[in-house]
There are 2 protein chains.
Amino acid sequence: MSVSIEDVAKRAEVSTATVSRALRGLPKVSPATRERVLAVAAELGYVPSPSATGLATGRTKTVGVLMPFVDRWYFGHALEGVDQELRSRGYNLLLLSLGGYLHGNKRRFTEQMVRKQIDGLVVLCMGLSQSELEELAKTQMPVVAVGGPIEGCVGVHIDDFAAATAATTHLIDLGHRKIAHLRGGVKDEINFVVPGLRAEGFAATMRSAGLELRPEFSVAGDFTAAQGAAAAGRIFDLPGEKPTAVFCGSDEMALGLMFEARRRGIRIPEDLSVVGIDNHDFSVLAGLTTIAQDPVEHGRQAAAILLDAVEGKPEAITQKYMPFQLLKRESTARLPS
Amino acid sequence: MSVSIEDVAKRAEVSTATVSRALRGLPKVSPATRERVLAVAAELGYVPSPSATGLATGRTKTVGVLMPFVDRWYFGHALEGVDQELRSRGYNLLLLSLGGYLHGNKRRFTEQMVRKQIDGLVVLCMGLSQSELEELAKTQMPVVAVGGPIEGCVGVHIDDFAAATAATTHLIDLGHRKIAHLRGGVKDEINFVVPGLRAEGFAATMRSAGLELRPEFSVAGDFTAAQGAAAAGRIFDLPGEKPTAVFCGSDEMALGLMFEARRRGIRIPEDLSVVGIDNHDFSVLAGLTTIAQDPVEHGRQAAAILLDAVEGKPEAITQKYMPFQLLKRESTARLPS
DNA sequence: CTGTTAGCGCTTTCAT
DNA sequence: ATGAAAGCGCTAACAG
């Protein structure tokens, strides 16, 4: 069967305590002993039992990641970043509760999922209800948010309001006046503040430029390409005046819109300028102007901050606003005057 | 601090053994006692310690998922499927070793990652070296492969050779004779058999149709859109005769190729027919003809098979070939004669 | 139906 | 520098 610390101890003719110390690189072990223990452990193929360690220390060396999806561009990449940092620091990654944003109120995120199971929690691109926050607070566990802010938590993400402002300003600078916004769906906006922040950034920028915010120019997708295309259809079908530019809350929606435009023979950027947020892998290929952000780095830094907190490093906790950058490509052009 | 089974036992005035039984729904507990225990547990907010349970039972109720990426279409969706099934059966999901396919030989997948830590392993879209297989065998742990076969393991995936045949046959049926293949890169083909299987399916089909396999018509991408576009460029730059159709080993590469074609003014399908494999979320929007498969379902079934094995269900282990389907869309057309 | 008693495999005082 | 021993919180015989 499985070899335990005791097997190693016997074979190395020391106590289990010494084996434990030697293997973990603690001081107060003579070099000779340490070497012998290491050799025996290797020879026997000893692997410590995380359950036993966890039980004895109260810490699991495991971090939970709470996220609604993995198949969205930002989410998957942020997860990669978290994974990189965790792995490099010897932590495991427990994936919690995919399955989308809640329908109604039946998300089952409870203390149970978390308590005694993980040392810290990364929350990716989702809000937490008041009661969820309370449950979490009870556990005393460090939490960091990635992709968007959560009240009372450290967060690593861009300033979404500012990013939306930059995107919108770019369109305005190009002379556009009739600008539409492809925003998140109801579910997105209930579950996560970021879609709303982007919409607000857009609205505020339009207002301060003295431009009209037509309600029919604000259309909901759900941050996917498919819904982006569908929502684009609704914009294109609008009677009366058409927008000359669209700010999309995500590149995935922007790409969906571009596909739909193409299907209808609407030329980009001649007939319509499009700007998104993300810099999705496909965006450079599609020539999509966008606000680029680096989710892998977000994930890495979030995990780093979290682990510092888990390990009790002083000054560990800090809010981080990550940089973003406008990438001008072929999907936006000056409005012909 | 944290409430333990003993706290519950005391408060309910029973032994810890009874609490344990009551909470796990075991028989031989009087309804009255069970109710009281349940009530006390709820009142105290008791949550069992997975470490303690794991140590006592030797099982962790956790399944590992080994995968090189999460940001590829198939991978992310398969992961969703695995997660769904695991969650519905009360298992946790430990994400192992992202970070791409190995460069050289330095992937660190060892017994250590796995032993005493998980009850079973899902291997997603990657091969395992002989030594890795041996390490795994030592653990006696059930393993199932998703997305492609692994020697000696149960697998859930499509028949990739047949899928490639179907795609290629579709092109041939449309009258194409000069057909190129956008295949996987060196790293993909070393680490995973699927790219090779698809290339072989293509080659075999071409041969049995009596068509010429020109070496310069076989170009390597790496299963991403970006590399698909780059590889497409190499095809388009070929001197002399051009292919009239391309079979792409994945939709992501096919989409990359379509973007590149568009950039160069190459019309699809008028100048070039394109078929992929996957039915990526963007494919329907792009009008890409493809061989559709359902990775979420693959993941679900793989997890189901794995858990049956973990739980010792008889006849649990079975190989599964999943269905696929040719979806004819606008990227393929009859070759004008 | 319920309680008692050993462990599970490790860490961690406290001695020595 | 090393060992002995007491837990960590739970489950699983075994008694009763």
Side-chain angles (χ1 to χ4, degrees), chain A residues 1-38 40-41 44-62 90 92 111-112 115-119 139, chain B residues 1-38 40-41 44-62 90 92 111-112 114-119 139 311:
Chain A
M1 255 308 295
S2 185
V3 15
S4 79
I5 198 174
E6 212 175 306
D7 303 320
V8 179
K10 276 187 193 138
R11 192 81 123 76
E13 300 180 296
V14 292
S15 71
T16 61
T18 300
V19 174
S20 176
R21 292 183 194 112
L23 259 28
R24 284 180 303 153
L26 298 186
K28 318 216 158 215
V29 178
S30 80
T33 310
R34 168 160 294 143
E35 205 169 326
R36 185 153 35 89
V37 170
L38 257 34
V40 171
L44 263 38
Y46 168 68
V47 176
S49 153
S51 295
T53 306
L55 187 53
T57 61
R59 312 207 305 98
T60 58
K61 280 270 188 179
T62 296
N92 287 119
E111 261 190 279
Q112 166 120 19
R115 184 136 240 180
K116 302 168 181 171
Q117 176 108 9
I118 58 182
D119 299 336
T139 68
Chain B
M1 254 308 295
S2 184
V3 15
S4 79
I5 198 173
E6 212 175 306
D7 303 321
V8 179
K10 276 187 193 136
R11 191 81 124 78
E13 302 180 294
V14 292
S15 70
T16 63
T18 300
V19 174
S20 177
R21 290 182 195 114
L23 259 28
R24 285 181 299 154
L26 296 187
K28 317 215 157 218
V29 179
S30 81
T33 311
R34 167 160 295 142
E35 206 169 326
R36 184 153 36 88
V37 170
L38 257 36
V40 171
L44 263 40
Y46 168 68
V47 176
S49 153
S51 294
T53 306
L55 188 51
T57 61
R59 313 207 304 97
T60 58
K61 278 269 187 183
T62 296
N92 287 120
E111 259 190 283
Q112 167 121 20
V114 152
R115 186 136 238 179
K116 303 167 181 172
Q117 175 109 10
I118 57 182
D119 299 337
T139 68
E311 294 172 352

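All chains are named by letter (A, B, ...) in the order of the sequence lines, taking the proteins before the strands, and each is independently numbered beginning at 1.
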**Per-nucleotide protein contact string for nucleotides 11-16 of chain C, where B marks a base within reach and S marks sugar-phosphate only (heavy atoms under 4.0 Å, - for neither)** = BBB---
**Request:** Under the side chain to side chain contact (heavy atoms under 4.5 Å, CB included) rule, what do B:Leu38 and B:Leu23 come out as? Steps first, then yes or no, please.
**Result:** CA-CA 7 Å; B:Leu38 257 36; B:Leu23 259 28; 3.4 Å; yes
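Computed from coordinates, the B:Arg59 CZ to C:dG9 C1' distance equals 18 Å when rounded to whole Å. Atom CG in B:Leu23 sits roughly 8 Å away from atom P in D:dT11 (whole-Å rounding). Regarding B:Glu13, its CD atom lies at a distance of 14 Å from the C1' atom of C:dG3, rounded to whole Å. Distance CG (A:Leu44) to P (C:dG9): 14 Å, rounded to an integer number of Å. The interatomic distance linking B:Lys116 (NZ) with C:dC10 (C1') rounds to 10 Å, in whole Å. Rounded to whole angstrom, the span from the NZ atom of A:Lys10 across to the P atom of D:dA4 amounts to 13 Å. At whole-Å resolution of the value, CD in B:Glu6 and P in C:dT4 are 11 Å apart.
Applying the side-chain contact (heavy atoms from CB on, under 4.5 Å) test to A:Thr33 and every residue at least two apart in sequence or in another chain returns A:Val14, A:Thr18, A:Val29, A:Ser30, A:Arg36, A:Val37.
By the 6.0 Å contact criterion, CD on B:Glu311 is enclosed, its count of non-hydrogen atoms from other residues, nucleotides or ligands being greater than 12.
Interatomic distance, A:Leu55 CG to B:Ser49 OG, rounded to the nearest 0.5 Å: 5.5 Å.
Side-chain contact between B:Ser51 and A:Lys116 is absent, with no heavy-atom pair separated by less than 4.5 Å. Within the 4.5 Å cutoff, side-chain heavy atoms of B:Gln117 are placed close to those of A:Asn92.
Phosphate proximity of C:dG9 to A:Ser4: absent, as no side-chain N or O sits under 4.0 Å from OP1 or OP2. At the phosphate of D:dT2, OP1 or OP2 sits under 4.0 Å from a side-chain N or O atom of A:Thr33. For B:Ser51 and D:dC10, the shortest distance from a side-chain N or O to OP1 or OP2 is not below 4.0 Å.
Pairs of residues two or more places apart, or lying in two chains, that qualify as salt bridge (charged side-chain N to carboxylate O under 4.0 Å, His left out) and include a residue from residues 2-15 of chain B are B:Glu6-B:Lys10, B:Arg11-B:Glu43.
Mapping B:Leu55 and B:Arg34 onto DNA chain C by nearest heavy atom places B:Arg34 at the nucleotide closer to the 5' end.
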